[in-house]
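Working notes for the structure below.
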Amino acid sequence: MAGIRFRSIRKVFGKTIAANDVSLEIKDGEFMVLLGPSGCGKTTLLRCLAGLEHVDGGRVFIGERDVTDLAPRDRKIAMVFQSYAVFPHLTVFDNIAFGLKMQGRPRDEIKRRVEEGAALLELSDFLKRYPAQLSGGQRQRVAVARAIVMQAAVLLMDEPLSNLDALLRLQMRAELKRLHQEIKATTIYVTHDQVEALSLGDRIAVMQNGRIVQCDAPMSIYDYPANKFVGGFIGTPPMNFLPGVVRASDGKTTAVVGESHIAPSAALASTLSAKNGQPILLGIRPENLTLAPTQQANTIRARVLVVEPLGSHKLLTMQVGAEISKVSVAPDQRVAPKDDVWLHFDPDKIRWMDAATGDAISSMV
Amino acid sequence: MQSSLSRQYIFSRVLLYGAAILLALWTLAPLYLVALAAFSTKQATFQWPKPLLPTDFSTDTMEFFVNTKGVLSSVGNSVIVALVTIVASLVLGAPGGYALARFRFRGKDAISLGLLISKMFPTAILSIPLAVAFMQMDLYDTIWGVALVHTAMALPFVIIVTSGIFVGVPRDLEEAAQTLGCNRIQAFLRVVLPLALPGLAAAAIFTFVISWNEVFAATILTLRNRTLPAQVLSSLNDSPLYYRYAGGFFMIIPALIFIFLIRRYLLNLWGNIVR
């Protein structure tokens with residue numbers, strides 16, 4: 001087991017900068033998720049760690065060793081590929097044993113470790129089969145088993161669940177989490193699915209355009225996104241953003257949104273007052289908006305457009321001024337399309353973002 | 001309405017099968033007649049009207065052919081030349097195919113095109129200057145010279161076909177092998193080669209058939225150490241009819257057998273390996 005350090009990694013493909021001066025530290029035994037949309041550079045970073053790509057700048061450290069110039073086989077890693085890359089000409093047993101055989105381990109040790117790994121992933125009945133005789137989910141488990149029996153310092157996973165159907169994905173997510181709790185390997189997990197990231201990661205590194213935008217524990221990212229992109233990317237449905245203007249007068253600071261005034265929490269009032277007159281974005285999650293029967297402090301007028309009863313809650317699509325917002329309410333809330341309501345903002349849950357840069361405004365600067 | 005629909009359907013099926021049968025007959029009929037003549041007595045070949053059924057089955061003609069002076073040794077030469085051609089063209093061509101499949105480099109498209117264009121060059125024009133060059137190099141009238149020419153002829157084909165085969169083996173598999181402790185060569189030998197083997201075998205057999213049937217260069221470049229096609233060609237004008245039938249049949253056989261065996265793999269030749 002070892003920690004990992006990326007130091008100013010730079011990787012260019014032709015004219016595209018896939019990794020733009022990326023630095024990241026991953027603790028020993030941590031489950032780190034690299035999250036981001038397609039093309040953000042997360043897979044590139046993983047492959048640079050694996051040694052499958054040469055970095056154009058920067059160094060990669062596994063533990064204390066500088067592995068930047070080492071071939072994949074010398075880095076003591078194990079990797080699960082998005083396409084599983086299970087060898088079609090070998091049985092499940094030989095697939096799982098492949099890495100151990102390359103290490104020259106004795107026969108009985110290989111047998112023992114393969115059987116342990118297969119049991120961990122419920123493949124014990126399939127050891128003599130060939131990959132063509134397995135389902136997609138089973139092949140994926142073979143790929144995972146093949147990686148974990150290596151007992152490598154670092155486990156790398158490149159979107160291993162993306163080729164599975166929804167139900168299987170749900171099951172395997174829980175399986176992977178359980179597996180990590182058992183084997184406690186330092187794991188780097190690449191995905192574009194933010195639900196997977198929230199569920200599996202000890203920390204999430206959100207990437208965009210070759211840079212890490214925010215790296216923190218899942219709930220910290222969820223509650224305190226660093227900018228508009230992160231707020232909109234994490235959480236289903238995404239965070240709502242309403243434009244407003246800061247008005248500071250008589251020692252009171254509010255944001256003017258349409259005809260309403262929304263007051264910030266006390267902690268942020270002073271920071272916001274410095275932005276008097278500037279445009280601002282109010283970020284608020286659908287579950288932190290509530291319907292109020294009449295106009296109160298911190299409410300905004302809105303019209304219900306669509307009501308989606310989703311079982312555990314109702315998802316409302318609202319027209320707020322010129323914006324469309326989503327609100328999540330209790331399943332028994334009485335509401336119908338074309339209703340005019342007042343939306344209440346919990347000041348502690350509002351995430352204020354600079355309208356120009358999209359960055360979050362925080363009281364700790 | 002329904003009956004006319006099914007009549008139309010039947011009509012189109014009849015047309016389809018009729019065309020298929022005609023096409024098959026076009027190829028098989030001459031083969032059948034040659035085989036028939038090769039296994040009849042000498043007299044049967046001079047009969048008219050020609051019997052369409054093997055009434056006079058005998059192995060006389062074939063025996064005569066096989067025992068003619070020079071035939072068996074030329075068969076041996078053909079086999080050696082073909083085997084050397086296969087080994088040389090695979091050893092030289094497969095790495096080239098791998099490079100075309102896996103790497104991006106400047107001039108890649110130009111090279112592929114160049115390989116194809118080189119096949120267009122007529123062997124007839126090439127053979128005579130080649131004979132002169134071989135005489136100067138002491139390669140004339142040796143089977144090694146013929147093997148060299150056959151390898152040169154087969155190489156573009158082998159490179160392009162093996163490149164298609166290697167493209168059919170996913171790059172992921174090699175990378176996975178590398179993360180599991182292989183260097184590039186081990187990854188190639190343990191993962192890519194086993195998966196490419198059916199396709200490579202088909203390419204090898206195809207090369208064998210090309211070399212076995214090649215008559216022009218072999219005839220011009222040899223005098224005494226002839227390959228079978230060269231031998232038959234040179235004695236064709238002086239030989240009786242039944243000899244020609246027997247010779248023709250004897251030369252077709254290997255090609256027939258091999259193509260029959262690799263029928264299944266012909267699809268894989270173009271990179272369609274089933275995962």
Within 45° cone and under 6.0 Å: A:R141 NZ/CZ vs A:F126 ring: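 Not flagged: A:R141 not positioned over aromatic ring of A:F126.
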With a 4.5 angstrom heavy-atom cut-off, could you sort out which part of A:R146 is near chain B: side chain, backbone, both or neither? both
Under a 4.5 Å heavy-atom cut-off, does chain B meet the side chain of A:V86, its backbone, both or neither? backbone
Would you check if the side chain of A:T68 reaches a backbone N or O of A:V60 as a donor-acceptor pair within less than 3.5 Å?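 Judged by distance alone, yes, a pair lies under 3.5 Å.
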Got a donor-acceptor contact below 3.5 angstrom from the A:R75 side chain to the A:V67 backbone? yes
Go through the side-chain N and O atoms of A:T191 and A:D193 and say whether any donor and acceptor fall under 3.5 Å apart. no
Determine the option with the most heavy-atom pairs under 4.5 angstrom with chain A, choosing from B:R171, B:E175, B:Q178, B:E174.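 The residue among B:R171, B:E175, B:Q178, B:E174 with the greatest pair count is B:E175.
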